[in-house]
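Working notes, beginning with the structure itself.
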Protein chains: 2
Amino acid sequence: MGITIKDVAKAANVAPSTVSRVIANNSRISENTKKRVRKAMKDLGYHPNVNARNLANKSTQALGIVMKSSTDKALQNPFFSEVLRGISAIAHEEEHSLFISTGETENEIYESVERMVYGNQVDGIILLYSQVNDPVSDFLIEKDFPFVLIGKPYNQVDSITHVDNDNVTAAVDITNHLIEQGHERIAFIGGDTDLVVTLDRMRGYELALEKAGLPIKDEYHIHQEFLKSGGREAVHQLFQLDEPPTGLVIVDDLMSIGVMTMLEELGYQVPQDVSIVSFNNVYLSEISRPPLTTVDVNIHGLGCQAAKCVIEKVNNVDEPAKRIIVPYDIKKRQSTREAKNAPLSE
Amino acid sequence: MGITIKDVAKAANVAPSTVSRVIANNSRISENTKKRVRKAMKDLGYHPNVNARNLANKSTQALGIVMKSSTDKALQNPFFSEVLRGISAIAHEEEHSLFISTGETENEIYESVERMVYGNQVDGIILLYSQVNDPVSDFLIEKDFPFVLIGKPYNQVDSITHVDNDNVTAAVDITNHLIEQGHERIAFIGGDTDLVVTLDRMRGYELALEKAGLPIKDEYHIHQEFLKSGGREAVHQLFQLDEPPTGLVIVDDLMSIGVMTMLEELGYQVPQDVSIVSFNNVYLSEISRPPLTTVDVNIHGLGCQAAKCVIEKVNNVDEPAKRIIVPYDIKKRQSTREAKNAPLSE
DNA sequence: CTGAAAGCGCTAACAA
DNA sequence: TTGTTAGCGCTTTCAG
């Protein structure tokens, strides 16, 4: 079942090792025999057996991709496909295969990563999320297995290679956009507080307020899964405050869309009554009503860089840990406008 | 580098073959030695080398997943993550790994499938799309390689195992929903006409109109990529007709959202002026404004069934081709309402 | 019930 | 520049 290197060798009248060298394009083989061997390969329709090669090499040309269990659909959905496209482009370019983790629960995913590592199924791993106390990344560190993180590590920032945006600054910028338009009461709506992105973006939001001399109020922070029930209630309460916000910084485009729907139900209009800015620039943010002003984090670019990084790490074990910051870009669209002139607070 | 079966054998004072049998849980090994061997495995922290096993077995425990090149973001995005979740759940249950195709262009993807097949990287393949004249599926058929299709094959319907919804009937049903509400001028907005889903859903739409004695007009068919420029123009024209539609059957939730945005810009309200029904029940359709009446095709279920099917096919080469129809369910939400009483045409 | 040994397809010394 | 040969780690006859 299947043409092997031996068949080719026989056909080309050389030794199997020669064929192997031709495959590897070894420089010590004469162009002449190379040609002969290549012809034989074509004629017989030879294709290398990846497993045999991996076994002999102790190296698979494969990367593992680990994604968080899909409980929080909101953050994950379109982001995931896009980042995968980026990874996949580079992987193909570099002739690497892509393996993805399976399982639904956090534990199942952990097991699946174990299989990848122990089973020699992949050479390196890309983690598509970064969260506080992640057993998977602990495991990889302990095993000293090559991996990179998309996002910012919760700790050991200097020893884990990661590719990220400067989320703090991005959050500062986008919050400033609101401030420049005269907003003084700006709330923050975040997602899972275990995720480092959430923390970074919140930090930027607070820095911006601080710098502008605006108060940071606890009542202006919401962390909740907005697509579940309960989100509505939280938003409702936010606007029941004596001084309801006129601007919202929301951690993710999809959440923004959910929030806009709730706001409409509650009788508020975006941007007339409330301005919204958010993050990711998922393509949906262009076709939402209104189109969202959002931070384009270059999801595809994050994927590409991550793939390049792991491959580097795999090829060179001594490759030092590095951090790659992918530039962001603010897309100004129609979800914000000047704050009404006389804020309630004055 | 790594504990092998030999190390375990030595530690347990048995032959390597015995260890192998214990791993396979061979019935001819005494419980006693099984215990001893297992203990040794635990103690040493043994993990099988998947490549070696694959090589000896001529079988990887892996499935390949092939997705269409990501040009048409609209159709693909959230659908993909969801179907993947389904596949991944079963894959983990059955202890299979997941390999995904890489590359951006159609040709790169084809190459990547070749690598999977020729390289013995996977035992079976799941195609996440079904399109007219697909070189990938032609290749798999020719190689007689186990695969299943999510969707309906364009031809050879009876010889290709596939899992699908009854899209024709679903389209009939959802179109009838519009008809029952008194709509008589119903347009269809489809996506890529190379995709079989599009064709099926259009067919159902036409059947429903026919049955109700409503005319099927060419001007009422739009096929375009709606997130690109040009979509707006097409929608605009649709509503410039002498008898503009009052109801829209749209092939995908995301397209519906795009269309709603365009409609609003053109000054039409959903559902007051136009009713919309669509397909997939991507979770976004719940949080859109208005929430969409849509066909829940059970994306996750499609993924699960597909995974089960390939695994069956892999385990039993003679497994006959089969078709699995995953039931759909119509979610009635707020994007439709009774047609205005006096249609322009009367 | 268990062991010895051959072989899966390929690579990489080591020779020539 | 090429051939010979010994593995990579595991499975699986075939003996015992």
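Against DNA chain C, the stretch residues 41-50 of chain A makes heavy-atom approaches under 4.0 Å through A:Tyr46, A:Pro48, A:Asn49. Taking a 4.0 Å limit (strictly below) on heavy-atom distances, residues 9-37 of chain A reaches DNA chain C at A:Ser17, A:Ser20, A:Arg21.
Over its full length, the helix from C:dC1-D:dG16 to C:dA16-D:dT1 turns its helical axis through 40°, comparing axes from the five pairs at each end and rounding to 10°.
For A:Glu114, there are no salt bridge (Lys or Arg N to Asp or Glu O under 4.0 Å) partners two or more places apart in sequence or in a different chain. Listed by chain and number, the residues in a side-chain contact (heavy atoms from CB on, under 4.5 Å) with A:Asn26 are A:Arg21, A:Arg28, A:Ile29 (sequence neighbours excluded).
Between the CD atom of A:Gln61 and the P atom of C:dT11 there is a distance of 11 Å, rounded to whole Å. Protein atom CG of A:Asn120 is 9 Å distant from nucleotide atom P of D:dG9, rounded to whole Å. Summarising the geometry, the separation between NZ on B:Lys6 and P on D:dC8 is reported as 6 Å, rounded to the nearest angstrom. With rounding to whole Å, A:Asn51 atom CG is found 10 Å from C:dC8 atom C1'. Between B:Leu55 atom CG and D:dT11 atom P there is a gap of 11 Å when expressed in whole angstrom units. Rounded to an integer number of Å, the gap from B:Asn57 CG to D:dT11 P is 6 Å. If you measure from atom CD1 of B:Ile5 to atom C1' of C:dG7, you get 15 Å, rounded to the nearest angstrom.
Residue A:Lys10 places its NZ atom among 12 or fewer non-hydrogen atoms of other residues, nucleotides or ligands, all under 6.0 Å distant.
The backbone N or O of A:Lys322 lies less than 3.5 Å from a partner atom in the side chain of A:Thr161, making a donor-acceptor pair. Using a distance-only test at 3.5 Å, with no hydrogens or angles considered, a donor-acceptor pair links the side chain of A:Ser112 to the main chain of A:Thr102. With A:Asn165 contributing its side chain and A:Val326 its backbone, the two residues share a donor-acceptor pair below 3.5 Å.
Between B:Lys58 and C:dG9 there is a side-chain N or O to OP1 or OP2 distance below 4.0 Å.
Of all heavy-atom pairs between A:Ile325 and A:Arg323, the closest is CD1-CD, 3.5 Å.
The ring of A:Phe79 has its center no closer than 6.0 angstrom to the ring center of A:Tyr129.
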### Message
Does B:Lys58 form a side-chain hydrogen bond (donor to acceptor under 3.5 Å, both in side chains) with A:Asn51? I'd like the steps, not just the answer.
### Response
CA-CA 9 Å; B:Lys58 291 167 153 324; A:Asn51 289 307; over 6 Å; no
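Using bins of under 30°, 30° to 60° and over 60° for the plane-to-plane angle, the ring pair B:His47/A:Tyr118 lands in the parallel bin.
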With a cut-off of 3.5 Å and sequence neighbours excluded, list every side-chain donor-acceptor pair involving residues 145-156 of chain B.
unit_1	atom_1	unit_2	atom_2	d
B:Lys152	NZ	B:Asp200	OD1	3.2
B:Lys152	NZ	B:Asp200	OD2	3.3

